[in-house]
Amino acid sequence: MLARDFLRTRFPDLPHLLRNRTYDAGALARWGELDAERRRLLTSVEALKAERNTLSAEVGRKKKAKEDATAEMERAKVLGGEVAAGEKRIEEIEGEFFAIEQTLPNVPDESVPDGEDEKGNVVLKSWGEPTRFPFAPKPHWELGPDLGILDFERAAKVTGSRFTVLSGEASLLSRALIAFMLDLHTRENGYREVLPPFIVNAASLFGTGQLPKFEADLFRLKDTDWYLAPTAEVPVTNLHRDEVLREEQLPISYCAYTPCFRAEAGAAGKDTRGLIRQHQFDKVELVKFTTAEGSAEAHERLTRDAETVLERLGLPYRRVVLCRGDMGFSSAKTYDLEVWLPGQDAYREISSCSNFGAFQARRAAIRVKRTAEGKSRNEFVHTLNGSGLAVGRTLVAILENGQREDGSVAIPEALRPYCGGLAEIRKG
RNA sequence: GGAGGAGUGGCCGAGUGGUUUAAGGCGGCGGUCUUGAAAACCGUUGGGCCGCGAGGCCCCGGGGGUUCGAAUCCCUCCUCCUCCGCCA
């Protein structure tokens with residue numbers, strides 16, 4: 001959410017600040033009217049309450065002194081009725097007011113390029129050369145089944161489409177990738193590993209911005225307010241929901257492996273083959289909490305930490321900054337890392353690293369107590385997260401980039417200690 | 001799943017209808033004293049909202065109710081603890 005103060009003081013600039021983002025302009029105009037009415041009412045109701053409180057105290061004094069307090073009690077009762085009426089109206093306004101605030105997207109950072117959709121994204125750097133082969137490379141959805149390590153058909157039988165069974169070396173590799181990534185981030189990049197719940201409640205999903213707007217993308221457990229986590233961002237960011245952190249605790253860096261569950265509503269016909277777009281996938285997530293001044297640098301570092309995984313594995317990639325129109329709802333700035341997939345002759349997203357500014361912290365009430373010039377005040381922290389990396393897509397990249405003409409696949413050196421020295425996968 | 005018990009400020013803890021603007025202690029911060037520190041003493045120390053300001057309003061796990069007035073009474077939900085059962 002955006003700060004009320006910000007919405008109020010920058011109200012005329014908002015259409016410009018939110019250009020190319022999706023929001024309801026009519027609702028925004030309505031916000032302005034409601035804000036004025038709400039403040040007017042609040043002031044008058046509070047004055048009534050102050051008077052009632054004074055009268056009640058007077059009643060107490062008189063009763064203690066055995067004096068008659070009938071007149072005060074009657075007057076207070078009348079005031080009480082007026083207060084109740086005013087509060088009811090405020091509640092109605094507050095409901096509509098808050099509903100609008102929830103749906104307004106974050107304001108992009110000034111460094112974010114203009115643009116309406118993915119065509120407006122800008123490639124900032126490339127690492128490695130796209131892998132070329134003297135033969136026609138296969139996509140992983142052919143390599144995997146040929147090697148007997150990816151089974152799409154049986155997964156469809158067991159559950160349905162967009163699920164996959166990993167077996168043998170694929171399963172081993174997936175497990176090795178998780179351990180490799182967590183080790184790298186905890187030992188070299190300074191993250192604390194956490195293993196959070198994979199099921200989260202509605203309040204947590206509101207905190208990170210998935211609810212209320214994006215319920216259709218989630219799997220909800222029947223008759224509960226519990227949902228399968230769509231990303232570790234949700235449980236890990238909400239670790240500190242409703243907390244006031246001490247300044248010396250910041251920055252906090254967590255990494256977490258979790259499976260992720262997404263309904264993929266609206267993705268019909270997109271990436272229907274292979275592991276790219278699944279209802280269930282594994283991911284190692286990086287999450288940071290910083291001060292307002294520290295978040296831009298933390299964003300660069302977090303993105304570098306994700307890039308390091310790709311570099312250690314020798315996978316060619318590029319970094320893209322998303323334009324205003326292609327960014328997620330809660331984000332102030334997002335870098336996508338795209339890995340080269342020779343089987344598709346394209347770069348595909350394998351990590352998305354975002355700085356949310358105070359947007360999530362405001363929704364989740366994550367604050368930090370800061371002291372300056374002897375005065376202390378609570379500020380909202382800045383939150384960041386990024387994939388480090390999506391495990392399934394990393395497996396895809398290893399298979400497609402490591403493939404040989406005979407259908408075998410070479411395993412990156414860095415991963416071998418994590419899979420019993422396995423150097424290649426062969427049909428067997 | 002069954003039966004009990006408990007949720008008060010950073011922490012401990014008092015408070016069962018009316019000077020509670022939540023006692024007291026610990027911890028934190030500032031000060032006095034000291035060469036310095038400790039001790040002692042004094043002061044200060046929760047969150048949010050409205051208002052230009054003076055100031056006001058709300059918050060004692062969440063929500064609702066009773067009352068002129070609720071931390072305190074009632075309803076409901078949540079969490080934690082103890083015992084039993086079951087289970088990995």
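The shown structure was predicted, so the numbers you read here are calculated from the model rather than taken from an experiment. Just so it is clear: chains get the letters A, B, ... in the order the sequence lines come, proteins before strands, and each one is counted from 1. Values below: all heavy atoms of this structure, side chains included; hydrogens, waters and symmetry mates excluded.
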Rounded to the nearest angstrom, tell me the gap between atom CG in A:Asp225 and atom C1' in B:G62. 13 Å

Determine which pairs satisfy salt bridge (Lys or Arg N to Asp or Glu O under 4.0 Å) with at least one residue from residues 252-267 of chain A, sequence neighbours left out, and list them in order. A:Glu264-A:Arg277

For A:Phe219, which residues count as a ring-ring contact (aromatic ring centres under 6.0 Å, His included) partner, sequence neighbours excluded? A:His279

Quote, to the nearest angstrom, the C1' distance that separates B:U82 from B:U21. 39 Å

Would you find a donor on one side and an acceptor on the other, under 3.5 Å apart, between the side chain of A:Arg89 and the backbone of A:Gly86? no

What residue among A:Thr237, A:Thr208, A:Asn355 forms side chain to side chain contact (heavy atoms under 4.5 Å, CB included) with A:Thr383? A:Thr237

Any side-chain N or O of A:Asn53 below 4.0 angstrom from OP1/OP2 of B:G69? no

B:G1 -> Watson-Crick or G-U wobble partner, both distances under 3.5 Å, gives B:C84

Distance in angstrom units between A:Lys62 NZ and B:G69 P, rounded: 17 Å

Taking atom P of B:C57 as reference, at what distance in whole Å does atom CD1 of A:Ile90 sit? 14 Å

Starting at the 5' end of RNA chain B, which residue's closest nucleotide do you reach first, A:Glu91 or A:Ala47? A:Ala47

Under a 3.5 Å cut-off for both distances, is B:A70 Watson-Crick or wobble paired, and to whom? none

Provide, to the nearest angstrom, the distance between the CZ atom belonging to A:Arg246 and the P atom belonging to B:G27. 17 Å

Side chains of A:Asp326 and A:Asn121, donor plus acceptor under 3.5 Å: yes

Ionic contact status for A:Arg319 with A:Glu338, cut-off 4.0 Å: no

Would A:Lys213 pass as a cation-pi partner of A:Phe206, given that its NZ or CZ must be under 6.0 Å from the six-membered ring centre and within 45 degrees of the axis? no

Pairing nucleotide - B:G36, Watson-Crick or G-U, each distance under 3.5 Å: none

Say you pick atom C1' in B:G65 and the same atom in B:U79; how far apart are they, in whole Å? 23 Å

Nearest whole angstrom, please: distance from the P of B:C52 to the CG of A:Asp5. 12 Å

Can you check the A:Glu87 CD to B:G63 P distance for me, whole Å? 13 Å

Suppose you measure atom P in B:C77 against the same atom in B:C41; what distance do you get, rounded to whole Å? 50 Å

Might you list the N or O atoms of the protein lying below 3.5 Å from N or O atoms in nucleotides 16-21 of chain B, with each pair's distance?
from  : atom 1 : to      : atom 2 : distance (Å)
B:G18 : N2     : A:Ser56 : O      : 3.0

Set of salt bridge (Lys or Arg N to Asp or Glu O under 4.0 Å) partners for A:Glu96, sequence neighbours left out: A:Arg30

Could you please name the partner base of B:A6, counting Watson-Crick and G-U wobble pairs only when both distances are under 3.5 Å? B:U79

Integer angstrom distance from the P of B:U72 to that of B:G17: 11 Å

Between the protein and nucleotides 70-76 of chain B, are there any N/O to N/O pairs under 3.5 Å, and if so, what are the atom names and distances?
none

List the residues meeting salt bridge (Lys or Arg N to Asp or Glu O under 4.0 Å) with A:Arg416, not counting sequence neighbours, and say none if there are none. A:Glu413

Using the P atom on both, measure B:G61 against B:G13 and round to a whole Å. 15 Å

Is it the case that atom CD in A:Glu92 sees more than 12 heavy atoms from other parts of the structure closer than 6.0 Å? yes

Once ring-ring contact (aromatic ring centres under 6.0 Å, His included) is applied, do any residues pair with A:Tyr254, and if so which ones, sequence neighbours excluded? A:His240

If the P atom of B:G2 is compared with that of B:C57, how far apart are they to the nearest Å? 45 Å

Listed by chain and number, what are the salt bridge (Lys or Arg N to Asp or Glu O under 4.0 Å) partners of A:Arg75, not counting sequence neighbours? A:Glu51

Residues in contact with RNA chain B, drawn from residues 73-83 of chain A - heavy-atom cutoff 4.0 Å: A:Met73, A:Ala76, A:Lys77

Given that A:Lys49 and A:Trp226 both sit by RNA chain B, which one's nearest nucleotide is further toward the 5' end? A:Lys49

Watson-Crick/G-U partner (both atom distances under 3.5 Å) of B:G17: none

Going by distance alone, is a donor N or O of one side chain under 3.5 Å from an acceptor N or O of the other, for A:Ser408 and A:Lys427? no

Euclidean distance for P, B:G18 against B:G69 (whole angstrom): 14 Å

State which residues pass ring-ring contact (aromatic ring centres under 6.0 Å, His included) with A:Tyr335; sequence neighbours excluded, sorted by chain then number. A:His299

Does the Lys NZ or Arg CZ of A:Arg393 fall within the cation-pi geometry relative to A:Phe281 - under 6.0 Å from the ring centre and within 45° of the axis? no

Side-chain donor-acceptor contacts of residues 166-175 of chain A below 3.5 Å, not counting sequence neighbours, with atom names and distances?
from     : atom 1 : to       : atom 2 : distance (Å)
A:Ser167 : OG     : A:Gly148 : O      : 3.3

How does protein contact run along nucleotides 46-51 of chain B, one letter per nucleotide 5' to 3', with B for base contact, S for sugar-phosphate only, - for none, heavy atoms under 4.0 Å? SSSSSS

Using atom P of each nucleotide, how far apart are B:G85 and B:C74 to the nearest Å? 33 Å

Rounded to whole angstroms, how far apart are CG on A:Leu48 and C1' on B:C58? 15 Å

